[in-house]
Colleague: 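Would you mind keeping the following structure in view while I ask a few things?
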Number of protein chains: 2
Amino acid sequence: MKTIEQLLESKNIRVTAMRLLIYKFLAEKQVAVTLSDIENAFEKADRTTLYRTVKTFEEKAIVHQIDDGTGITKYALCEKGCNCEIETDLHLHFHCNNCNVTICLTEHKIPQIKVPDGFISEDINLVIKGVCDKCSGL
Amino acid sequence: MKTIEQLLESKNIRVTAMRLLIYKFLAEKQVAVTLSDIENAFEKADRTTLYRTVKTFEEKAIVHQIDDGTGITKYALCEKGCNCEIETDLHLHFHCNNCNVTICLTEHKIPQIKVPDGFISEDINLVIKGVCDKCSGL
DNA sequence: TTATAAATGCACTTCCGTTGCATTGTATTT
DNA sequence: AAATACAATGCAACGGAAGTGCATTTATAA
């Protein structure tokens with residue numbers, strides 16, 4: 001079991017208090033969060049710091065960005081089964097129109113999709129919108 | 001063959017010069033356009049008018065909105081084979097990372113995707129990013 | 001301990017989407 | 001045709017989110 005410190009070091013990122021806190025925050029959340037969410041959780045910290053921290057995490061493949069169609073970028077930790085950098089391993093996301101939550105369906109892989117001749121597929125973004133299990137009551 | 005005037009009237013939208021121009025602009029373009037694109041094409045017109053015109057078109061299912069992950073909303077005409085309002089008929093979009101163009105692949109339908117128990121799928125957004133036929137040179 | 005570089009905080013900017021309100025234009029009724 | 005009603009347009013402004021420049025603080029290395 002890797003500690004967060006070890007993880008950051010393995011990615012060549014300096015271990016700072018802020019980064020540990022943000023990492024822990026993301027790890028606790030089971031859903032994708034916006035920058036505002038992080039802002040609200042750390043009111044003492046500056047927006048820019050949070051912004052740049054998340055950007056650093058993204059570059060180092062610690063978090064991945066999610067575009068769920070709400071117009072606001074969300075972020076979620078890359079963990080067990082999430083190898084965002086590998087195209088064939090992309091998972092999909094679910095956005096609840098009711099509670100506005102976005103979650104990673106890491107176990108659901110995106111099916112191979114044929115593109116027309118001449119087109120080269122590099123990345124796929126698949127977001128399903130609807131009602132989540134908590135809201136549907138099923 | 002319906003004229004644009006007839007189309008607008010059939011959707012209960014008043015026929016105005018602006019709307020005819022914007023419709024023609026969208027029809028000429030083979031790709032999805034941003035509001036800025038339209039703005040640049042009609043510099044005499046006000047941003048708000050263009051914005052509201054497109055929104056009207058969207059409500060009346062004349063255009064559909066595309067979220068290609070660039071963070072900027074794009075719009076494209078709904079035509080032959082595009083029945084956006086019907087979930088099972090959703091087509092996918094391709095975004096070229098090179099020339100930044102987004103096109104509708106109307107002939108490519110989104111495969112049925114199973115969601116976990118308790119989740120209800122209402123809408124699906126699928127964007128493939130890569131290199132388009134014009135840029136790939138294939 | 002000092003030098004070096006990265007991380008943080010503050011201020012500010014830009015871009016896009018959106019709304020309120022006054023004005024112009026279009027359609028309808030008498 | 002004139003008056004009325006309502007929709008479309010234009011202008012101004014707001015708000016949120018993303019992003020940048022620079023000074024300051026903090027951490028790492030020499």
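Because only heavy atoms are used, hydrogens play no part in the values below, and waters and symmetry mates are left out as well, while side chains stay in. Source: prediction; values computed, not measured. Here is the naming used below: chain letters follow the sequence lines, and residue numbers restart at 1 for every chain.
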Colleague: What about H64(A) and H93(A), are their ring centers closer than 6.0 Å?
Modeller: yes
Colleague: Roughly how far, to the nearest 0.5 Å, is the CD1 atom of I128(B) from the OG1 atom of T102(B)?
Modeller: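 CD1 of I128(B) is found 12.5 Å from OG1 of T102(B).
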Colleague: What are the residues of residues 95-104 of chain B, sorted by number, that bring a heavy atom to within less than 4.0 Å of DNA chain C?
Modeller: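 The answer is none.
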Colleague: Under 3.5 Å, which donor-acceptor pairs do the side chains of residues 14-25 of chain A form with other protein atoms, sequence neighbours left out?
Modeller:
| unit_1 | atom_1 | unit_2 | atom_2 | d |
| --- | --- | --- | --- | --- |
| T16(A) | OG1 | R19(A) | N | 3.2 |
| R19(A) | NH1 | R14(A) | O | 3.0 |

Colleague: By the 4.0 Å heavy-atom rule, please label K55(A) as base, sugar-phosphate, or nothing.
Modeller: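 Sugar-phosphate contact only.
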Colleague: Between Y75(B) and N12(A), name the one whose nearest nucleotide on DNA chain C is closer to the 5' end.
Modeller: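 It is N12(A) whose nearest nucleotide is closer to the 5' end.
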Colleague: To the nearest Å, give me how far apart NZ (K11(B)) and C1' (dA8(D)) are.
Modeller: 20 Å
Colleague: Do the non-hydrogen side-chain atoms of V54(B) and L35(B) ever get within less than 4.5 Å of each other?
Modeller: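 Side-chain contact under 4.5 Å: yes.
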Colleague: Given atom CG of L50(B) and atom C1' of dA8(D), what is their separation to the nearest angstrom?
Modeller: 13 Å
Colleague: Looking at residues at least two apart in the chain, or sitting in another chain, which of them share a ring pair (Phe, Tyr, Trp, His ring centres under 6.0 Å) with Y75(A)?
Modeller: none
Colleague: Do H91(A) and L105(A) make a side-chain contact, defined as non-hydrogen atoms from C-beta onward lying under 4.5 Å apart?
Modeller: no
Colleague: Only distances under 3.5 Å count here; give the side-chain donor-acceptor pairs of residues 130-138 of chain B to other protein atoms, sequence neighbours excluded, each with its distance to 0.1 Å.
Modeller:
| unit_1 | atom_1 | unit_2 | atom_2 | d |
| --- | --- | --- | --- | --- |
| S136(B) | OG | G118(A) | O | 2.6 |
| S136(B) | OG | C132(B) | O | 3.4 |
| S136(B) | OG | D133(B) | O | 3.4 |
| S136(B) | OG | L138(B) | N | 3.2 |

Colleague: With a 4.0 Å cut-off, would you call E39(B) and R47(B) a salt bridge?
Modeller: yes
Colleague: Distance check needed: dT26(C) P versus E9(B) CD, whole Å only.
Modeller: 14 Å
Colleague: For residues V101(A) and I103(A), report the shortest heavy-atom separation together with the two atoms involved.
Modeller: CG1-CG2, 3.7 Å
Colleague: Take the protein atom CE of M18(B) and the nucleotide atom C1' of dA7(D), then report the distance between them rounded to whole Å.
Modeller: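 Distance, rounded to whole Å: 16 Å.
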Colleague: Test your reading of the model: is there a side-chain donor-acceptor pair from Q6(A) to the backbone of T3(A), 3.5 Å cut-off?
Modeller: yes
Colleague: Quickly work out the L20(A) CG to dA7(C) C1' distance and round it to whole Å.
Modeller: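 Atom CG in L20(A) sits about 13 Å away from atom C1' in dA7(C).
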Colleague: Taking all non-hydrogen atoms of both residues into account, name the closest pair between T106(A) and K109(A) and its distance.
Modeller: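 The answer is O-NZ, 2.9 Å.
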Colleague: Would you give a per-nucleotide map of nucleotides 20-27 of chain D, 5' to 3', where B means the base has a protein non-hydrogen atom under 4.0 Å away, S means only the sugar-phosphate does, and - means neither?
Modeller: BBB-----
Colleague: Heavy atoms within less than 4.0 Å of DNA chain D: which residues of residues 32-41 of chain A have one? Give them sorted by number.
Modeller: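 Residues of residues 32-41 of chain A under 4.0 Å from DNA chain D: L35(A), S36(A).
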Colleague: Would you classify T73(A) as touching base, sugar-phosphate or nothing, given that sugar-phosphate means primed atoms plus P, OP1 and OP2, and contacts are heavy atoms under 4.0 Å?
Modeller: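 T73(A): backbone/sugar contact only, no base atoms under 4.0 Å.
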Colleague: Rounded to whole angstrom units, what separation is found between the CZ atom of F57(A) and the C1' atom of dT8(C)?
Modeller: 14 Å
Colleague: From CG of L8(A) over to P of dA6(C), roughly how many Å is that when rounded to an integer?
Modeller: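 Rounded to the whole Å, the gap is 17 Å.
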Colleague: Could you check whether T49(A) and D46(A), counting side-chain N and O atoms only, form a donor-acceptor pair closer than 3.5 Å?
Modeller: no
Colleague: Check the distance between dC10(C)'s P and D46(A)'s CG and give it to me in whole angstrom.
Modeller: 6 Å
Colleague: Confirm from the modelled atom types if R47(B) and dG17(C) form a donor-acceptor pair under 3.5 Å, side chain to base only.
Modeller: yes
Colleague: Taking for each residue the nucleotide of DNA chain D bearing the nearest heavy atom, is the 5' side occupied by G71(A) or by T49(B)?
Modeller: T49(B)
